[in-house]
Amino acid sequence: MSDVIVNAVDVTKVYRRGRVEVQALRSVSLQVKRGEIVGIMGPSGSGKTTLLNIIGGLDKPSSGRVFVDGVEITSLDEGKLAGYRLKRIGFVFQSYNLLPTLTALENVELPMALAGLPKAKRRERALKLLRMVGLEARAYHMPEELSGGEQQRVAVARALANNPSLVLADEPTGDLDSTSARGLMGLIEHLNRENRQTFIIVTHDPLVAERCSSVYHIRDGRIESL
Ligand SMILES: Nc1ncnc2c1ncn2[C@@H]1O[C@H](COP(=O)(O)OP(=O)(O)O)[C@@H](O)[C@H]1O
Ligand SMILES: [Mg+2]
């Protein structure tokens, strides 16, 4: 297994709004080693989310190539990419994106159901994941009955459901108080140590950045050299 889990090579992204072009990423190259916790910081609009979405296969670059875990995801068709994303990549969104009509447990089970894991197995694993994030007692609660910190922990459990080698988090502590933010970082460090999972975390939060193994700064679509 290669030591490099993410290799982004000369990635550019141009969005077109009618006649207006927005250069969201300009020739970004980035290598992340397996087992790292990487922070990405930068002003609003600098291209952080675009970069994360391209690494996670949620968006396609205008040019450049992205390899994740040895697979060139920029050359996969939509069907293959969806399968790859489901099994190998976990996403934690700032706004949690839990499905409001499902319980915490069902939210965590969902990616496993999509991956075809039998019902008994996914229930068992979802409960284990909720226990790990300290929310077993909330398994049968609906998202709206949970605090922001609790919802974010459910979102982390869901991101881990299919045991991804890479977890991408977009401002995961953005809506959390500092105690919850510290708790979430503690959890991420634990997972990183125990499962050797790699994390890329977009953040504005110095408290998060100081706990990353490396931090990149992005400005105006470019990674700033340090
Ligand atoms: N779907 C889109 N269509 C057009 N422009 C977009 C789209 N998504 C992002 N942008 C633009 O690309 C730039 C980078 O956006 P984004 O990656 O979301 O920045 P950040 O996450 O750092 O705040 C911004 O100028 C934003 O307005
Ligand atoms: Mg963003």
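Just so you know, ligand 1 is whichever comes first in the structure, and atom 1 is the first atom listed for that ligand. What's counted below: heavy atoms across the whole structure, side chains too, no hydrogens, waters or symmetry copies. The first residue of the sequence shown is numbered 1, and numbering continues consecutively from there.
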Using a strict 4.0 Å threshold on nitrogen-to-oxygen distance, state whether D59 and K13 make a salt bridge.
-> yes
Taking all non-hydrogen atoms of both residues into account, name the closest pair between A159 and F91 and its distance.
-> CB-O, 3.4 Å
Tightest non-hydrogen contact, residues K80 and D77, listed as N-OD1, 2.9 Å
What's the spacing between R138 CZ and Q151 CD if we round to 0.5 Å?
-> 12.0 Å
Flag T49 as yes if one of its N/O/S atoms falls below 2.8 Å of the Mg ion (ligand 2), otherwise no.
-> yes
Looking only at heavy atoms, which two atoms of G57 and R85 are closest? And how far apart?
-> O-NH1, 2.6 Å
So does R34 pair up with D69, basic N to acidic O under 4.0 Å?
-> yes
Below 4.0 Å from any atom of ligand 1, which residues have a heavy atom? Give them in chain and number order, please.
-> Y15, R17, V22, A24, P43, S44, G45, S46, G47, K48, T49, T50
